[in-house]
Amino acid sequence: DEIVQILVGHSLNTLGIESVMAASGTEAISALNKHTFDFIIMDISMPGQDGIDSVRWIRDLLNPEKRDLPIFALTNFHTPRHTEEILKAGFNEHIIKPFDIEEFKKLLHKYFWKKIN
């Protein structure tokens with residue numbers, strides 16, 4: 001949803017991270033084909049192709065640079081069952097809304113510490 005996009009985009013900008021927003025899984029895949037990204041934050045509930053279908057499509061790509069990107073699921077769902085389903089689908093992490101910038105900084109540290117230092 002547009003409000004979540006604005007909030008997440010603003011949070012990323014405060015960390016000095018440029019972002020590209022997509023309103024659907026189809027738009028996200030199109031952006032992935034046009035740009036190079038370090039990671040993806042993807043909502044599970046999107047119109048058309050949802051996050052689960054989109055992450056599966058990305059993981060099936062032939063290009064390993066894009067196929068192996070860290071992809072973080074952003075959801076309202078927070079049960080252990082949902083987390084298990086999300087990770088099985090191909091996401092690396094499960095971020096629960098509302099987006100917590102401090103928790104996200106820990107995720108970035110986990111995935112990119114070696115690249116930063």
Is there a side-chain contact between Glu103 and Ile96 in this structure, where contact means two heavy atoms from C-beta onward sitting under 4.5 Å apart? no

NE2/His78: more than 12 non-hydrogen atoms of other groups inside 6.0 Å: no

Met21 and Ile29: same hydrophobic cluster, using ILVMFWY side-chain contacts below 4.5 Å? no

Given the options Phe91, Phe37, Tyr111, Phe99, Phe72 meets ring-ring contact (aromatic ring centres under 6.0 Å, His included) only with Tyr111

Stepwise side chain to side chain contact (heavy atoms under 4.5 Å, CB included) test for Ile40 and Ile58: CA-CA 11 Å; Ile40 298 170; Ile58 292 167; 4.0 Å; yes

What is the distance from atom CD of Gln5 to atom CG of Leu74, rounded to the nearest 0.5 Å? 10.5 Å

Heavy-atom pair with the smallest gap, counting every atom of Ser54 and Gly25: OG-CA, 3.1 Å

Should Met42 and Val20 be regarded as members of a common hydrophobic cluster, given that ILVMFWY residues are connected when their side-chain heavy atoms come within less than 4.5 Å of each other, either directly or indirectly? yes

Please examine the side chains of Lys105 and Leu15, heavy atoms only from C-beta on, and report whether any two atoms are closer than 4.5 Å. yes

Just wondering, do Lys97 and Asp43 contact through their side chains at under 4.5 Å, heavy atoms? yes

Between OG1 on residue Thr83 and NZ on residue Lys88, distance to nearest 0.5 Å: 12.5 Å

Quick check against the 3.5 Å criterion: does Ser30 have a side-chain atom that pairs as donor or acceptor with the backbone of Thr26? no

Taking the side chain as every heavy atom from C-beta outward, state whether Leu69 and Leu32 have any pair of such atoms under 4.5 Å apart. yes

Please check: side-chain N/O of His94 versus main-chain N/O of Phe77, any donor-acceptor pairing under 3.5 Å? yes

So if you build clusters from Ile, Leu, Val, Met, Phe, Trp, Tyr with side-chain heavy-atom gaps below 4.5 Å, do Leu87 and Ile41 land together? no

Do Leu7 and Ile101 sit in the same hydrophobic cluster, where Ile, Leu, Val, Met, Phe, Trp and Tyr count as joined when their side-chain heavy atoms come under 4.5 Å apart? no

Sub-4.5 Å side-chain heavy-atom contact between Leu12 and Phe104: yes

Is a side-chain donor or acceptor of Arg67 paired with a backbone partner of Asp60 at a separation under 3.5 angstrom? no

Any link between Trp57 and Ile44 through a network of hydrophobic side chains (Ile, Leu, Val, Met, Phe, Trp, Tyr) touching at under 4.5 Å? yes

Here the pair of heavy atoms bringing Ala73 nearest to Ile86 is CB-CG2, 3.4 Å

For a quick test of reading the model, state the closest non-hydrogen atom pair linking Ser19 to Gly9 and the distance between them. OG-CA, 4.1 Å

Between the side chains of Arg81 and Glu85, is the shortest nitrogen-to-carboxylate-oxygen separation below 4.0 Å, so that they form an ion pair? yes

